[in-house]
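These notes concern the structure reproduced below.
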Protein chains: 2
Amino acid sequence: MINQVPGDTRRRIVEAAMHLFWEKGYGSTSVADILGRAGINSGSLYHFFPGKQDVLLAVLEAYRTGIDENLLEPNWRGIDDPIDRIFRLLAGYRAALVQTECTYGCPIGSLALEIHEPDPPVRQLLAANFTNWANAIEDCLKAAGTRLPAGTDRRALAEFVLTTMEGGVMLAGSHRDVAYFDRAVQQLREYFNCLLQSARSPVRRKSQRRNRGKSNA
Amino acid sequence: MINQVPGDTRRRIVEAAMHLFWEKGYGSTSVADILGRAGINSGSLYHFFPGKQDVLLAVLEAYRTGIDENLLEPNWRGIDDPIDRIFRLLAGYRAALVQTECTYGCPIGSLALEIHEPDPPVRQLLAANFTNWANAIEDCLKAAGTRLPAGTDRRALAEFVLTTMEGGVMLAGSHRDVAYFDRAVQQLREYFNCLLQSARSPVRRKSQRRNRGKSNA
DNA sequence: GTCTATAAAAGGATAGAC
DNA sequence: GTCTATCCTTTTATAGAC
């Protein structure tokens, strides 16, 4: 092909696959689909990748390393308040749902539930993506400092934000109605309000002093 | 085949497909897989179903109509407290995760994120399954009566229980670690504690007097 | 209703020229 | 590195006997 930037082909393959996996899923995307979208031929793809699954690994790796540049920075630009940042990120997912008429799915979440093989390398990269996402939220929660009650399990809360997002996207997509996502986020907001409130005027409970952060009903 | 109960073949097909879709996903299950597990031949399946997708519809329909008998009753037998029932149901999913070494996925959730086609009939059945699940939780929340604060959006809260379950199962499966599910449920528990607490001693915003009444605060 | 056999297509992957 | 051509397997679905 003419005017080909060296090293560009591999990038185009990953980009094409990233889009197609998001749009159709991994199993329903054929190698031929990827070739077509990338504008290349079979030989080129198999020159860079041993097989289709290795393309998936490259895609997941691209998501993982690009989370700051492609997801967090665009959403957080100009927003400093850490709690605002959390709900701004969720609003970003909402915008994606609206733009795609609720066809959008979190690419990581969709792949996580589509891939059923034990498949350690793929699964580890999926997990790493989730971990990075939760890390970013956890940083926000740490930055919130004393606005959250002492003893708040910030790691668990960060993961809870993630499960809310994934669950909300799942329901909104299935019902083709963004209101399902909105209600999930609204419930999370209520929970945060409760936490922020009780940090201001702590409710004393028997279990709380003895067992900080681990109360279980 | 000998000793065949009339009308049994169709049921066996659906049962085999139900198991395989749950285990391997829809796309990775071939018609041949279903035939093998059901112990029948190609002609029988295509006698009852126009194609593979119609088997999926029958599976989703079976989940939908069987939710009480197969999911709710086994988990709720002997438990009357409506809030306990909610967390008992979540404990049931936890048990499934543990038994399968976190291979388990909610079959509806997995299919919801695997199926990317617009595909109205399939999607409507997925949505109907989610709706039935949330209905059951909503009934619990209604039964909780005044233990929840006045004005609680019980529908949204029921859906929030669902998103927590789905998100928790997703993370636990991806990390192959049930602790991710446990933390999600624990966060939901904290939220419920907050709600139950504020129903006992309603929080007044702005000029709130602390620890009114006789609660053990 | 169930069987066997097979059609027809699509899938992932490879070979070898350039 | 990229191309064209092709192999081989798997897949869904059908045909027609019993």
Side-chain angles (χ1 to χ4, degrees), chain A residues 1-60 62 110-111 114-119 121-122, chain B residues 1-60 111 114-119 121-122:
Chain A
M1 209 177 235
I2 303 174
N3 266 341
Q4 190 82 6
V5 179
D8 192 48
T9 300
R10 191 196 140 96
R11 193 192 55 75
R12 300 230 318 272
I13 293 170
V14 173
E15 193 181 68
M18 188 180 284
H19 184 95
L20 287 163
F21 292 165
W22 164 76
E23 193 174 66
K24 314 174 48 173
Y26 174 71
S28 299
T29 297
S30 69
V31 173
D33 291 334
I34 300 173
L35 300 179
R37 189 176 172 93
I40 58 165
N41 295 94
S42 173
S44 295
L45 188 147
Y46 286 100
H47 171 73
F48 288 104
F49 300 97
K52 183 185 172 187
Q53 177 162 303
D54 303 272
V55 178
L56 173 60
L57 291 173
V59 165
L60 291 174
S110 297
L111 289 170
E114 180 186 349
I115 311 290
H116 284 71
E117 298 116 51
D119 204 340
V122 170
Chain B
M1 207 178 236
I2 302 174
N3 266 341
Q4 190 81 5
V5 179
D8 192 48
T9 300
R10 192 197 139 96
R11 193 192 56 75
R12 299 229 320 271
I13 293 170
V14 172
E15 193 181 68
M18 189 180 282
H19 184 95
L20 287 163
F21 292 166
W22 164 75
E23 193 174 67
K24 314 175 48 173
Y26 174 72
S28 299
T29 296
S30 70
V31 173
D33 290 333
I34 301 173
L35 300 179
R37 188 175 173 95
I40 57 165
N41 294 94
S42 172
S44 295
L45 189 146
Y46 285 100
H47 172 72
F48 288 104
F49 299 97
K52 183 184 171 187
Q53 177 161 305
D54 303 273
V55 178
L56 173 60
L57 291 173
V59 165
L60 290 175
L111 289 170
E114 181 187 347
I115 310 292
H116 284 71
E117 297 115 52
D119 204 341
V122 170

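Per chain, numbering begins at 1; letters A, B, ... match sequence-line order. Keep in mind that what you see is a predicted model, and the values were worked out from it rather than measured.
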*Phosphate contact (D:dT14 OP1 or OP2) by B:Tyr46 side-chain N/O below 4.0 Å*: no
*Kindly point out which of C:dG11, D:dT12, C:dT2 is positioned nearest to the side chain of B:Phe48?*
C:dT2
_Nucleotide of D:dT2, C:dT2, C:dG12 approaching A:Val31 most closely (side-chain heavy atoms)_ = C:dG12
*Within the structure, does a side-chain N or O atom of B:Asn41 lie under 4.0 Å from either OP1 or OP2 of C:dT2?*
no
*Could you give the CG-to-P distance, from B:Leu35 to D:dT10, as a whole number of Å?*
16 Å
*Using a heavy-atom cut-off of under 4.0 Å over every strand shown, decide if A:Ser28 touches base, sugar-phosphate, or nothing.*
nothing
_Flag for B:Asp33-B:Ser30: side-chain donor and acceptor within less than 3.5 Å_ = yes
*Closest to the A:Ser30 side chain: D:dT12, D:dT2, C:dG12?*
C:dG12
*State, with a plain yes or no, whether a side-chain heavy atom of B:Ile34 is found less than 4.5 Å away from one of B:Phe21.*
yes
*Roughly how many Å is it from CD1 in B:Ile40 to P in D:dA13, rounded to a whole number?*
14 Å
_Any non-hydrogen side-chain atom of A:Leu35 less than 4.5 Å from a side-chain atom of A:Asn41?_
no
*Main-chain N/O of B:Gly25 paired to B:Glu114 side chain as donor or acceptor, under 3.5 Å*: no
_Separation of atom CD1 in B:Ile13 from atom P in D:dA13, rounded to whole Å_ = 13 Å
*Atom CD of B:Gln53 and atom P of D:dT11: how far apart are they, to the nearest Å?*
18 Å
*Please state whether the base of D:dT2 and the side chain of A:Ser42 form at least one donor-acceptor pair under 3.5 Å?*
no
*Is any side-chain nitrogen or oxygen of B:His47 closer than 4.0 Å to OP1 or OP2 of C:dT2?*
no
*Roughly how many Å is it from CZ in B:Arg12 to C1' in C:dG1, rounded to a whole number?*
13 Å
_Between D:dT11 (P) and B:Leu20 (CG): distance, integer Å_ = 12 Å
*Looking at side-chain heavy atoms only, is the closest gap between B:Val14 and B:Phe49 below 4.5 Å?*
yes
*Could you give the NZ-to-C1' distance, from A:Lys52 to C:dA10, as a whole number of Å?*
12 Å
_Distance in angstrom units between B:Leu45 CG and C:dT4 P, rounded_ = 15 Å
